[in-house]
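Step one of this worksheet: look at the structure below.
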Amino acid sequence: MRIIETVAEMQAFSREARREGKSISLVPTMGFLHEGHASLMIEGKKRADILVTSIFVNPTQFGPTEDFDAYPRDLARDRNVAETAGVDIIFAPKASDMYPRGFQTYVNVEELTLPLCGASRPGHFQGVTTVVAKLLNIVMPHVALFGKKDFQQLAVIRRMAADLNMDVEIVGMPIVREADGLAMSSRNAYLGPEERRNALCLSRALATARDLFLDGERSVGTLRDRVLRVIGEVSGAVIDYADFRDGDTLEAVETANGRTLIALAVKIGTTRLIDNCILGEEQ
Ligand SMILES: Nc1ncnc2c1ncn2[C@@H]1O[C@H](COP(=O)(O)OP(=O)(O)OP(=O)(O)O)[C@@H](O)[C@H]1O
Ligand SMILES: CC(C)(CO)[C@@H](O)C(=O)[O-]
Ligand code: BAL
């Protein structure tokens, strides 16, 4: 495994790999890698000759009061996780190389970024689509893999790739969970022991609503009440959003079906966690 730290070197590497007829897969990350990231890497390795993972805590997707400075970083540990998962190249650029002086071009996806995390985190998705567009141009992968834990992000990136005719296959991967149901996330590292227990209310709320749905309940009002009740039982859990939306368009729905998305963002203490499920999909 090799670490590449400059945009120019990464681009030269990929250009040469493509010239030799090799296929490339890319797993973009912000580091502090866990088994969720590893599952994307293992799949990426199967889908191409060369697996690249980027590790870049992207400043443009964090709001001014968000946790950019506090975001956990540990490149030594990440190297081990990446190597074990079969990564060939870690691309770890500096912010000054990604956003040099004079930078002024951004990518914006419209309707899909309005609700959910787009509403709670103004400017977030513009930062995500801009950096992902740049990573795709730099690494030039044939396949790029993203987790469904960030469901809206995946939908937005698919839209961007289609709308801008990007020559890359976007692959969505299932949510990897801890044994007790908590969705793996780098931000779980912020949780103290009591908060870690309280954080289970997200996956518990999703499972409760899904069980009701599988028993035949279709009223979003009833399903939402149950979700709010499960989260409300936990002191120190503050809902940012608990939304029922169409899994393709992200439009709000009032009657549930198998393609209905339940998307949650909940603050446990100061840590904002997200989780989701599609009601008709195996968990
Ligand atoms: N539990 C998970 N299962 C599957 N994919 C995941 C999981 N957690 C993160 N990913 C995916 O890994 C990629 C990189 O995500 P990122 O580095 O932000 O990790 P994260 O754990 O989601 O961090 P954060 O705490 O910032 O949300 C994204 O495509 C994301 O959806
Ligand atoms: C896709 C991504 C790496 C862009 O910075 C980030 O939003 C993430 O880790 O999900
Ligand atoms: N996993 C999405 C990255 C972010 O929260 O900024």
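All values reported here derive from a predicted model rather than from experimental measurement. Counting starts at 1 for both ligands and their atoms, following the listed order.
Checking only distances, Gln61 does come within under 3.5 Å of ligand 2, N or O to N or O.
Ligand 3 places these atoms under 4.0 Å from at least one heavy atom of Arg187: 4 (C), 5 (O), 6 (O). In the vicinity of Ile175, heavy-atom distances shorter than 4.0 Å reach the ligand 1 atoms 3 (N), 4 (C). Close contacts of ligand 1 with Pro174, meaning ligand atoms under 4.0 Å from a residue heavy atom, involve 3 (N), 4 (C). In the vicinity of Ser186, heavy-atom distances shorter than 4.0 Å reach the ligand 1 atoms 19 (O), 20 (P), 21 (O), 23 (O), 25 (O). Short contacts between ligand 3 and Met30, defined as distances under 4.0 Å to a heavy atom of the residue, involve ligand atoms 3 (C), 4 (C), 6 (O). In summary, the atoms of ligand 1 found under 4.0 Å from a heavy atom of Met184, numbered by their order in the structure, are 1 (N), 2 (C), 7 (C), 8 (N).
Taking atom 31 (O) of ligand 1 as the reference point, the nearest protein heavy-atom neighbour is Asp150 OD1, 2.6 Å.
The nearest non-hydrogen atom to atom 25 (O) of ligand 1, considering only Ser185, Pro28, Pro72, comes from Ser185. Of all the listed residues (Lys149, Lys148, Gln61), Lys149 holds the heavy atom that lies closest to atom 27 (O) of ligand 1. Heavy-atom proximity to atom 15 (O) of ligand 1, evaluated over Met30, His37, His34, is greatest for His37.
Between Asp246 and Thr249, the side chains place a donor N or O and an acceptor N or O closer than 3.5 Å (distance only, hydrogens not considered). At a cut-off of 3.5 Å, with distance as the only test, a side-chain donor of Asp240 or Ser120 sits close to an acceptor on the other residue.
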